[in-house]
Asker: 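Take this structure, written in C-alpha cells, and hold onto it; I'll ask about it next.
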Amino acid sequence: GAVVSQHPSRVICKSGTSVKIECRSLDFQATTMFWYRQFPKKSLMLMATSNEGSKATYEQGVEKDKFLINHASLTLSTLTVTSAHPEDSSFYICSARSTGGNSPLHFGNGTRLTVT
Amino acid sequence: RKEVEQDPGPFNVPEGATVAFNCTYSNSASQSFFWYRQDCRKEPKLLMSVYSSGNEDGRFTAQLNRASQYISLLIRDSKLSDSATYLCVVNRRSGNTPLVFGKGTRLSVIA
C-alpha cells in the first residue's frame with residue numbers, strides 16, 4: 001500500500017491565486033521530504049528538500065518565495081505555489097524514505113496543477 | 001553532460017520479446033541505483049534496486065558496471081502491461097539525499 005499520501009491529486013486555479021499541496025508520510029516519520037516537478041515529456045526535477053523544523057533547501061533556479069515549503073511535523077510537508085501563473089502548470093510530486101538513507105524513495109500520487 | 005542519460009526510445013516490441021535498456025551516469029561517487037517505472041500521468045513507482053553483483057526479479061534483470069558508470073535493465077517475455085516509461089535513477093551520495101532521475105525510456109509492447 002501507499003506509504004506517502006499527497007493531496008489534492010488535481011487542481012485547477014486561476015492565475016494569481018495560491019495553491020497548497022499536502023504530502024503526508026503514512027506509518028513512518030519523515031524528517032526529510034523531497035519535492036519534485038515534472039513537465040510533460042520531461043524528467044522529474046528536484047525542486048527542494050523539505051526539512052522538519054527548519055528551512056527548506058531549494059535547488060538552483062527555484063524561487064523560494066514563490067514555492068513556500070513548510071514541514072511543521074514529522075509526517076506532513078506542504079508546498080504552496082503562490083501567485084500561480086500558467087507556466088507553473090505542472091505535475092508536482094513529493095517523496096520520502098521510510099527506511100535508511102540508501103533505500104529508494106516512495107512517491108506520493110502527485111498533484112496535477114493547471115493554472116488558467 | 002547530464003547526470004543520468006538514457007535513450008528516450010520509444011522501443012516498440014511485440015509481446016514475448018526481450019528488450020534491454022541502458023543508462024549512464026556521470027558522477028563516479030554515486031552510491032545507489034534504481035529502476036523506476038512511470039505510467040502516463042502517474043507517479044514513479046520502484047521497479048527494482050540495482051546491486052553491484054547484478055540482480056533479478058522475475059522477468060526483470062538489472063546490472064551495474066561501476067567502472068563504466070553504466071546500468072542496464074533487461075525485460076524478458078514482455079507483456080502488454082510492461083508498456084510504460086522506465087526511469088534510471090541514481091543517488092549521488094549516501095544518506096537521506098534526493099534521487100536524480102534520467103528522462104526515461106518509453107516502452108510500448110504490442111500485441
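In the text below, chain A, chain B and the rest are named by the order of the sequence lines, each starting its count at 1.
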Asker: Look only at the side chain of A:Arg112 and the backbone of B:Lys42, and say whether a donor-acceptor pair between them is shorter than 3.5 Å.
Answerer: no
Asker: Hey, which of A:Pro104, A:Gly110, A:Ser43 has the most heavy atom pairs under 4.5 Å with chain B?
Answerer: A:Pro104
Asker: Checking heavy atoms, do the side chain of B:Tyr36, its backbone, both or neither come under 4.5 Å from chain A?
Answerer: side chain
Asker: Side chain, backbone, both or neither: which part of A:Leu44 has a non-hydrogen atom closer than 4.5 Å to chain B?
Answerer: both
Asker: Are more than 12 heavy atoms from other residues, nucleotides or ligands located less than 6.0 Å from atom CZ of A:Arg10?
Answerer: no
Asker: Should A:Leu105 and B:Phe34 count as side-chain neighbours, where that means a heavy-atom distance under 4.5 Å?
Answerer: no
Asker: Does a sphere of radius 6.0 Å around OH in B:Tyr51 hold more than 12 heavy atoms from other residues, nucleotides or ligands, not counting ones at 6.0 Å or beyond?
Answerer: no
Asker: Any chance the rings of A:Phe107 and B:Phe101 have centres within less than 6.0 Å?
Answerer: yes
Asker: Under 4.5 Å between side-chain heavy atoms, counting indirect links through other Ile/Leu/Val/Met/Phe/Trp/Tyr residues: same cluster for A:Val4 and A:Leu76 or not?
Answerer: no
Asker: Can A:Met47 be reached from A:Phe91 by stepping across I, L, V, M, F, W or Y side chains whose heavy atoms are under 4.5 Å apart?
Answerer: no
Asker: Check each atom of B:Arg106 against the heavy atoms of chain A and say whether the ones under 4.5 Å are side chain, backbone, both or neither.
Answerer: neither
Asker: Could you tell me which of A:Lys41, A:Gln38, A:Arg97 has the largest number of non-hydrogen atom pairs under 4.5 Å with chain B?
Answerer: A:Arg97
Asker: Hey, quick one: are B:Leu87 and B:Leu47 part of the same hydrophobic cluster, counting side-chain heavy atoms closer than 4.5 Å, chains of contacts allowed?
Answerer: no
Asker: Side chains of B:Glu43 and A:Gln6 only: does a donor on one sit below 3.5 Å from an acceptor on the other?
Answerer: no
Asker: Out of curiosity, does A:Val81 fall in the hydrophobic cluster containing A:Ile69 (side-chain heavy atoms, cut-off under 4.5 Å, transitive links)?
Answerer: yes
Asker: Would a single hydrophobic cluster contain both B:Phe11 and B:Phe60, if residues Ile, Leu, Val, Met, Phe, Trp and Tyr are joined by side-chain heavy-atom contacts under 4.5 Å?
Answerer: yes
Asker: What part of B:Gln38 is in contact with chain A, defined as an atom under 4.5 angstrom from a non-hydrogen atom: side chain, backbone, both or neither?
Answerer: side chain
Asker: Under 4.5 Å heavy-atom distance to chain A, tell me which part of B:Leu99 shows up: side chain, backbone, both or neither.
Answerer: both
Asker: Decide if atom NE2 of A:His7 counts as having more than 12 heavy atoms of other residues, nucleotides or ligands within a radius under 6.0 Å.
Answerer: no
Asker: At what distance, to the nearest 0.5 angstrom, does CG of B:Leu46 lie from OG of A:Ser103?
Answerer: 9.5 Å
